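Source: prediction; values computed, not measured. Counting convention: from 1, in listed order, for ligands and their atoms alike.
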Amino acid sequence: MQEFDLVVRGGTIVTASDTFKGDIGINDGRIAALGLRLDGRDVIEAEGKLVMPGGVDSHCHIEQLEADGSVHEETFLTAGISAFAGGTTTVIPFAPQFKGEPIAAHFGDYQARAARSPIDYAFHQIITDPTDSVIGTEIPALIEAGIRSLKVFLTYDPLHIDDRQFLRVLEAARQWGATVCVHCENYDAIRWRSEKLLAEGRSEPASHALSRPKVVEREATYRAIALAELVGQPIHIFHVSCAEVAEEIARAQRRGVKVTAETCPQYLVLTAADMSRPDREGAKFMCSPSPRDAGDAEGLWAAIRAGTLDVISSDHCGYSFAGTQGKWMNGPDADFTRIPNGVPGLAARMAIVFSEGVVKGRIDLNDFVRLTATSPAKRFGLYPRKGTIAPGADADLVIWDAEKRVTLNNGLMQHAIDYTPYEGLEVVGWPIGTIARGRLVMSEGKVSVTQGAGKFLLAGVA
Ligand code: URP
Ligand code: ZN
Ligand code: ZN
């Protein structure tokens with residue numbers, strides 16, 4: 001009888017389409033067989049546990065370079081540790097481009113940082129300055145090399161692009177065969193609201209939500225879809241915060257426009273009221289789009305069930321609360337427009353989706369796998385190498401205790417950030433083992449990684 005390098009034995013195997021009891025045989029980091037009574041030189045007993053594809057977090061900011069020269073605190077090394085702690089085995093962060101510079105100005109540096117990653121990764125390429133040479137030379141070269149996802153911001157100083165620039169990026173993506181991910185908020189509307197709020201002396205973190213109400217996101221989502229429709233280019237919409245925005249996407253999908261979209265845990269469990277917490281703590285919950293109101297999460301779950309939203313990513317952002325790189329980097333009296341946006345969530349993502357989704361009966365187990373692993377892998381050209389359990393796929397697995405009750409705290413996140421916005425949240429269901437390309441990288445919360453062991457994944461390469 002064949003002996004495998006490793007067998008994960010007796011668990012309930014869950015994919016996006018099936019749930020069955022069995023063993024997984026692994027050779028050379030790949031799944032070699034699914035069956036019963038498989039033999040291995042190493043065996044991990046998973047009886048009574050779920051065995052699911054390792055998570056694919058298709059939107060996370062890791063060691064992100066910002067236009068002011070600063071770099072997020074979360075490095076590829078610490079992010080890998082945090083991801084493994086939470087059951088995620090693939091991440092897709094963002095290579096930067098800044099206005100006035102070619103893509104090449106920072107690409108090599110970002111690649112060098114990523115080369116230290118312990119976790120497999122792909123890149124989205126941010127486009128902030130679609131000059132003739134970016135459009136005509138750099139984008140085609142990237143796509144040719146297997147980086148087939150471009151990211152644009154319709155808001156933020158100094159990242160945003162205008163509609164004409166967006167159209168040029170869409171056209172290049174269409175011509176060369178890339179997808180385009182979009183941050184949808186109306187830049188001028190947010191500026192106009194922010195100026196008014198500041199003039200009224202409302203500079204505190206809670207004003208963040210008031211500066212960018214739902215309609216600001218809804219308008220930009222509608223516009224992004226319309227422009228994509230004009231060019232005939234598929235787009236993927238990031239971090240949808242509420243049902244009103246999801247409805248714009250659903251309407252386009254019904255017309256046959258090729259638009260897909262994600263939401264994130266922060267929109268499922270945080271609210272705008274969190275930004276009113278005392279002692280400047282509101283900054284811990286500031287992300288864009290803003291968390292909405294209690295009750296809005298139910299509309300997102302409905303959109304998830306309807307298939308309008310089919311990816312849940314973390315949008316992990318590496319800003320601590322304290323320190324010179326953190327939320328108050330611009331001083332203790334910084335107004336809300338000068339507090340960096342984004343919340344950390346790499347390790348919490350899967351547990352929150354499982355607990356809020358599966359345990360509370362809003363989605364089933366197969367939906368959970370689809371949302372956290374299979375769909376993101378498919379959307380970004382990594383499937384079937386990533387995002388499923390099948391012979392030939394990378395042996396990226398998470399062993400899940402569906403009954404374990406955990407109160408989230410910052411220690412459990414194992415990231416470089418000094419807080420989690422989910423502190424105190426009770427979840428049911430927790431990863432107790434993570435296997436990355438056949439290596440046990442987390443067991444009962446203990447993570448062991450090798451710097452540089454992560455592979456750079458190119459879209460469409462099995
Ligand atoms: O607030 C957020 N989401 N910050 C991260 C950057 C982005 O918009 O994705
Ligand atoms: Zn964004
Ligand atoms: Zn983001």
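Taking any N or O of Phe153, backbone or side chain, none lies under 3.5 Å from an N or O belonging to ligand 1.
Here His61 meets the criterion, with an N, O or S atom under 2.8 Å of the Zn ion (ligand 3). The nearest N, O or S atom of His59 is not closer to the Zn ion (ligand 2) than 2.8 Å.
Salt bridge annotation for Glu262-Arg379: absent, with no cationic side-chain nitrogen under 4.0 angstrom from a carboxylate oxygen. Asp394 has no carboxylate O lying under 4.0 Å from a charged side-chain N of Lys455, or vice versa, which leaves the two without a salt bridge. Checked for salt-bridge contact, Glu244 and Arg292 miss the test: no charged N lies under 4.0 Å from a carboxylate O.
The atom of Asp315 that is an N, O or S and sits closest to the Zn ion (ligand 3) is OD1. Within His183, the N/O/S atom positioned nearest the Zn ion (ligand 2) carries the name ND1.
Of the protein's non-hydrogen atoms, Asp315 OD2, 2.6 Å is the one closest to atom 3 (N) of ligand 1. Looking only at heavy atoms of the protein, atom 9 (O) of ligand 1 is closest to His61 NE2, 3.2 Å. Atom 1 (O) of ligand 1 has Ser288 N, 2.7 Å as its closest protein atom, hydrogens excluded (heavy atom only). In terms of protein heavy-atom proximity, atom 2 (C) of ligand 1 is closest to Tyr156 OH, 3.4 Å.
Side-chain contact check for Thr88 and Asp57: no donor-acceptor pair (N or O, by modelled atom type) lies under 3.5 Å. A donor and an acceptor atom, one from each side chain of Glu73 and Ser320, are located under 3.5 Å apart. Judged purely by distance below 3.5 Å, without hydrogens or angles, the side chains of His160 and Thr155 never pair a donor atom with an acceptor atom.
At a heavy-atom cutoff of 4.0 Å, ligand 1 is contacted by no atom of Met286, backbone or side chain. Of the heavy atoms in Phe238, none comes closer than 4.0 Å to ligand 1. Counting heavy atoms under 4.0 Å from ligand 1, residue Asn341 touches it through both backbone and side chain. Within the 4.0 Å heavy-atom criterion, both parts of Cys287, backbone and side chain, lie near ligand 1.
Listed by number with element, the atoms of ligand 1 under 4.0 angstrom from any heavy atom of His59 are 9 (O). Ligand 1 places these atoms under 4.0 Å from at least one heavy atom of Cys317: 4 (N), 5 (C). Heavy-atom proximity to Gly342, at under 4.0 Å, picks out these atoms of ligand 1: 1 (O), 2 (C), 4 (N). Distances below 4.0 Å separate heavy atoms of His183 from the following atoms of ligand 1: 7 (C), 8 (O).
Classified by interplanar angle (parallel below 30°, tilted 30° to 60°, perpendicular above 60°), the ring pair Phe153/Tyr156 is tilted. Relative orientation of the Phe107 and Phe123 rings is perpendicular, given thresholds of 30° and 60° on the angle between their planes. Between His72 and His61, the ring-plane angle classifies as tilted under the 30° and 60° cut-offs.
Nearest heavy atoms, Thr90 versus Ile119: N-CD1, 3.8 Å.
For the ring pair (Phe, Tyr, Trp, His ring centres under 6.0 Å) test with Phe94, the passing option among His316, His124, His183 is His124; the others fail.
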